[in-house]
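What follows is one structure encoded as C-alpha cells, with my remarks underneath.
One-based numbering, in listed order, for ligands and for the atoms of each. Along the sequence shown, the residues carry numbers beginning at 1. None of these values were measured; they are calculated from a predicted model.
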Amino acid sequence: MPRSILVTHALPYANGPLHLGHVLESVQTDIWVRFQRMRGHQCLFVCAEDAHGTPIMIRAQAQGQTPEQLIAAVAQEHKRDYDGLLISFDHFHSTHSPENTALSRLMYERLRDAGHITRRSVRQAYDEQAKMFLPDRYVRGTCPRCKSPDQYGDSCEVCGATYSPADLIDPRSTVSDTTPVWRESDHLFFQLGHFEAMLREWLRDSRLQEGVRAKLEEWFAAGLQDWDISRDAPYFGIEVPDAPGKYFYVWFDAPIGYPASFKALCALRGLDFDHWWRAGSGTELYHFIGKDISYFHTLFWPAVLHGAGFRRPSSVFVHGFLTINGQKMSKSRGTFITARHYLERLPPEPLRYYFAAKLGDGIEDIDFSLDDFVARANSDLVGKLVNIASRCAGFVAREGGMLATALPEPALQQEFVRAAEQIAALYEARQYSQAMREIMALADRANQYVDAHKPWLLAREPARAAEVLAICTQGINLFRVLMSCLAPVLPEMARRAGLFLNCEFTRWDAIDTPLLGTRLNAYEALATRLDPARVAELVVAPPDAATSVPAAAAGKPPGKATRAADTAGNIAIDDFQKLDLRVARVLSAETVDGSDRLLKLMLDLGGERRQVFSGIRAAYAPEQLNGRLVVMIANLEPRKMRFGVSEGMVLCASGDGPGLFLLAADSGAQPGMRIS
Ligand SMILES: [Zn+2]
C-alpha cells in the first residue's frame with residue numbers, strides 16, 4: 001500500500017551560512033525521503049527559512065539593511081547550498097510569509113479560545129537608547145558568582161552559573177552599550193501543563209528513540225512549565241492579533257513554518273492541506289532534528305498542534321551533533337566548515353556517502369574525520385563500487401555492446417536481490433551505516449565474482465567470447481542492484497549510471513528484474529578519487545588568526561610563517577590525534593594459504609567489521625585469538641595484498657630478540673572505543 005508521508009528537517013536560521021552540521025541533517029533527511037519515493041510512496045519534503053527574531057533584526061540594522069533584505073539574501077545562499085548538496089525539497093518557503101502569518105494567528109486564536117493561553121507580567125531588561133526590550137543574550141556583565149567580566153545575561157561561560165540578567169554586576173546592553181533599566185510588561189504564556197496526559201500518550205505511540213524518551217521523562221518529572229510565546233515591539237516577527245505591539249516569539253512561529261511551507265506547496269500542486277494536517281489524519285508526518293531542539297519538537301510542538309485542533313507528528317527523528325576530527329566544530333580551530341567552503345572544493349556525493357556510512361538511528365554524536373573521509377570515499381565508492389562497472393564495461397563494449405540474454409549465475413543474482421530487501425528495511429529504520437556496510441560487503445562479493453572468473457584471461461581466446469559476455473553481464477547486474485541500493489545516497493551517480501545502462505534508478509522494485517539483452521552506452525567514469533590535499537583544505541585557520549603571526553613574518557607568503565618547523569623526533573599532539581587507534585575484538589582468525597607469516601583477522605570495531613592481515617602467525621595460533629581484545633589503527637589507507645584487502649593494522653610489541661606481543665586493553669574496554 002503506498003503511504004502518504006510528509007517529511008521536514010529543522011529550518012535553517014536566516015542569519016548565517018549553512019555548515020556541515022546542517023548538511024548532516026539535510027543529508028540524513030534527504031536519503032530517507034529519496035528512499036521512500038523509490039519504494040513507490042508519496043513522500044513530500046518541505047522546509048523554510050526561519051526568518052524571525054531579535055538576532056535577525058539586530059544583524060540587519062548592523063548591516064544597514066531591512067530584515068527583509070537580509071533574509072532574502074541569506075535564503076538565496078541557503079538554496080544554492082541545498083541544491084549543491086542535491087537536497088530534493090518539494091518546497092522551500094519562509095516563515096516570513098502570508099501562509100505562516102495566517103496559520104500562526106489561527107493556531108494562537110484556537111489555543112486562546114480553548115483556554116490554553118494566560119497573561120502574566122514579566123520583568124525584563126530594557127534599553128532606553130535603542131528603545132527595546134533585551135533578550136538575555138543581549139545583556140552582558142560581570143558574573144555574580146565568579147566575578148568574570150563580560151558574561152551573557154543567562155549564564156557564565158567561565159564558571160557555568162545560570163542566573164537572570166538582573167543578577168549581573170554592571171550589566172550593559174550589547175545593542176547600545178548603555179546600562180539597561182528594568183521594566184514590567186505583559187506577556188502571553190502557553191500552558192504546556194494542560195497537555196501532560198496527551199503528551200504521555202503521544203510518547204507511547206510515536207516510537208521515539210530511547211535517549212529522547214528518557215529526556216522527556218526527565219522533563220515530565222521536573223514539571224511542565226508555562227511557555228512565554230510573546231515579545232514586545234520592536235520585534236521582527238508576526239504581530240499577535242489581539243495584542244497590538246506584541247509579537248509571537250520566533251520559536252512559536254518557527255515550527256508552524258512546516259505546515260505553512262506545506263500550505264504553499266498545496267497551492268502549487270493542488271494538494272488538500274486538511275487531508276494532511278487535520279486531527280486524526282491517516283497520513284504520516286516526521287520531523288528530522290538535532291538533539292539540541294528536541295524540547296521544542298517533542299513537547300511544545302505536539303501540544304500546540306493538538307491544542308489547536310491539528311494532527312500531531314507521527315514521530316520525531318533526532319540525531320546527535322557533528323564533530324570534526326573528534327572535536328566540537330570551532331571557528332578558532334578552523335573546523336567551522338561551511339557548506340559553501342566544502343562545495344567550492346569537493347563534490348557532494350562522497351560527503352553524502354560518508355555521512356550515510358556514519359549515521360545510525362541513535363542520538364550519539366557523529367564524527368567527520370578528514371582522513372577517514374578520504375579513505376572511505378576512495379576505497380568504497382571508487383575501489384569497490386565503481387570498479388565493478390568499469391571493469392565489466394570494456395568487455396561488454398568489445399563483444400558488441402549488448403548484454404547477454406541470460407545470467408550465468410541466477411542464484412547469485414537472487415542472493416543480491418534478497419539482500420536488497422534487507423537493506424531497504426535498514427533504510428526504513430534509518431540505520432544507514434549498517435546499510436552501507438551490507439552494500440559494501442556485497443560489492444566485495446561482486447568483485448570477487450569477477451576476479452574468480454577472470455574475463456581478462458578468457459578474452460584472449462576468441463572462442464570464449466560468449467563466456468566473457470555472460471560473466472560481465474552478471475557483473476553489470478550485480479552492480480545495478482548495488483547502485484539501486486545506493487541511489488538514495490548517490491542520486492547523481494545513479495543518474496549517470498542510468499545513462500550508461502539505459503535504465504532508471506527511480507524504483508526499488510526494478511531490482512527484481514535483471515537487465516538482459518540491453519544495449520549499453522559508452523561508459524564514463526562514475527566517480528573519481530578524492531584528492532587528500534583538497535580535503536585537507538576543508539580545515540583552515542580563519543582569516544583573523546593571521547593577526548597572531550609575528551610581525552617579522554609580515555610580507556612573507558601566507559602559510560610559511562604560521563607553521564613552526566617540526567623539531568626532530570617530537571610530534572605535536574595534533575599529529576598523534578591523526579591516528580585513529582581503537583579497541584577491536586577478534587571475531588575470527590585464520591591462516592592464509594600461501595603465507596607462513598600472516599593471519600587473516602576479522603575484527604569487530606563496535607558494530608563495524610574490518611578484515612586485517614597481520615604478520616603474527618609465528619607468535620600466535622588462530623584459536624588463541626578468537627574473542628580477545630586488540631588495539632588497531634583504524635584509519636590506515638586500506639592496502640590491497642595478494643590475499644585480499646587489509647583494512648587496518650593490529651599493534652604489537654617486539655624487540656631485538658624473537659617474540660611478538662599483541663597489545664591488549666584492560667577488561668571493561670569495548671570494541672570501537674577510541675584510544676587517546
Ligand atoms: Zn561565573
Residues [X] and [Y]: side-chain donor-acceptor under 3.5 angstrom:
| X | Y | result |
| --- | --- | --- |
| Arg172 | Thr178 | no |
| Thr323 | Asp367 | yes |
| Tyr126 | Asp232 | no |

(message) Between Glu217 and Arg200, does any side-chain N to carboxylate O distance fall below 4.0 Å?
(response) yes
(request) May I ask you to list the protein N, O or S atoms found at less than 2.8 Å from the Zn ion (ligand 1)? (result) Cys143 SG, Cys146 SG, Cys156 SG, Cys159 SG
(request) List for me each residue that meets side-chain contact (heavy atoms from CB on, under 4.5 Å) alongside Arg340, sequence neighbours excluded, and say none if there are none. (result) Arg80, Asp81, Thr338, Leu343, Glu344
(message) Between Gln225 and Leu192, is there a side-chain heavy-atom distance shorter than 4.5 Å?
(response) no
